[in-house]
Amino acid sequence: MSGFIKVKAKALLLDNTLKLFFVTLSGFVLKVLAVAGVILITHFILVSDLLQFLVSQYNSLLVYFIYSLFTVTAYFLLFLFISGLKTGEKAIYFMQSKGSTAKFKYLFIFLRPSQSFRSLCLYIRILILKVLWGTFFYLPPIFCLAITIYLYFTTTIYTVIFLTLIFGTVFLISISHFYYNCIAMRYSFAPYYLCTDLKISVKDAIIKSTESSDGFIKDGVYIKSSLMPWYLSCLFVIPIFYVIPFSKLTKAKYVTFCDGLHGALPQNLELKNIIKNEGLI
């Protein structure tokens, strides 16, 4: 499946590399400018003479409360802006993965207040779920690592035992990291469903993501891991303007492919047989 998806992504990337890279670059630049602008504005207001004058003339607690309210509002609008751009970029790549021609203006269609707020709610909910699962998976190995370090510095411990504890902890961290990536992959489809259905709720997008990714999680983790050498190659051989669109389009194509096959293929063996019969691999 991984090889087929990458081949399809490369085919879809033909004559679209620069366009997709420009979409990603534009989104990145706009996000950086927005973050820098909000930080600079809130900082200069904080150190400005006007704020100090207001503090000296009026109730300082009231002035700082209004400033805090302004800052929270500014960052809330910033997060809305970033979420809307992120969903718009995913919409373009998702359309491209289906063979449709996505226009650059689609990058901004989710900046409308209702859509950007919906996107923000989705990303926050996914972040909370990932944090909870990350705590569940990473807390035990981190606790084992802390105990190992504590024993090393507070007691006399044989080198063999210490190395055994270290390697055991590293192995436990690796297993936890793999299962965490599997869990995180269950929610990776949700942003694509959000950008293709303007009426779907955040909850339904996540539920649909978990259902559609069922049976394909291992493949998704493998595809994600297999893209790491492509990122590293940017330092030596392959330019980044090809790798970034290729990796994003590969992930979008993976979602398209799994979504199209899910439901009719309950077993991995049947999946492989149908793929082979259709000449996909």
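Values below: all heavy atoms of this structure, side chains included; hydrogens, waters and symmetry mates excluded.
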Can you give me the closest heavy-atom contact between [X] and [Y], atom names plus distance?
X    : Y    : result
L107 : S26  : CD2-CB, 4.3 Å
S116 : P113 : OG-O, 3.1 Å
M185 : V221 : CE-N, 3.8 Å
C182 : I217 : O-CG2, 3.3 Å
T87  : S119 : OG1-OG, 2.9 Å
L249 : S97  : CD1-N, 3.8 Å

Give, for atom [atom1] of [X] and atom [atom2] of [Y], the distance between the pair rounded to the nearest 0.5 Å.
X    : Y    : atom1 : atom2 : result
N181 : H177 : CG    : NE2   : 4.0 Å
Y75  : I82  : OH    : CD1   : 10.5 Å
L194 : S201 : CG    : OG    : 9.0 Å
F110 : R118 : CZ    : CZ    : 7.0 Å
D197 : D204 : CG    : CG    : 9.0 Å
L13  : T250 : CG    : OG1   : 8.0 Å

Taking [Y] as the starting point, is it possible to reach [X] by hopping between hydrophobic residues whose side chains are less than 4.5 Å apart?
X    : Y    : answer
F70  : V63  : yes
Y123 : I200 : no
F76  : I41  : no
L122 : I183 : yes
F79  : I124 : yes

Treating S212 as the side-chain partner and S209 as the backbone partner, does any N or O pair qualify as donor plus acceptor under 3.5 Å?
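Absent.
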
Main-chain N/O of L80 paired to S83 side chain as donor or acceptor, under 3.5 Å
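No, the answer is negative, given that no donor and acceptor are paired below the 3.5 Å cut-off.
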
Assess the side chains of T24 and Y93: does a donor N or O sit below 3.5 Å from an acceptor N or O?
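Yes, because at least one side-chain N or O of T24 sits under 3.5 Å from a partner of the opposite role on Y93.
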
Assess the side chains of S226 and K6: does a donor N or O sit below 3.5 Å from an acceptor N or O?
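A pair is found: one side chain offers a donor N or O, the other an acceptor, under 3.5 Å apart.
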
Any [X] side-chain heavy atom under 4.5 Å of [Y] side chain:
X    : Y    : value
Q96  : L20  : yes
Y187 : W133 : yes
I206 : R125 : yes
C144 : L172 : yes
F246 : L227 : yes
I109 : Y106 : yes
Y67  : T42  : yes
K251 : I223 : no

Heavy atoms of other groups near [X] [atom1], more than 12 under 6.0 Å:
X    : atom1 : answer
F117 : CZ    : no
K19  : NZ    : yes
K90  : NZ    : yes

Do [X] and [Y] make the cut of ring centroids closer than 6.0 angstrom?
X    : Y    : value
F108 : F104 : yes
Y180 : F137 : no
F21  : F28  : no

Linked hydrophobic residues, L127 as query - side chain contacts closer than 4.5 Å:
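ILVMFWY cluster around L127 also holds V131.
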
Residues forming a ring-ring contact (aromatic ring centres under 6.0 Å, His included) with F143, sequence neighbours excluded:
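For F143, no residue satisfies ring-ring contact (aromatic ring centres under 6.0 Å, His included) once neighbours in sequence are set aside.
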
Run Y192 and T256 through side-chain hydrogen bond (donor to acceptor under 3.5 Å, both in side chains) and show every step you take.
CA-CA 9 Å; Y192 296 101; T256 305; over 6 Å; no

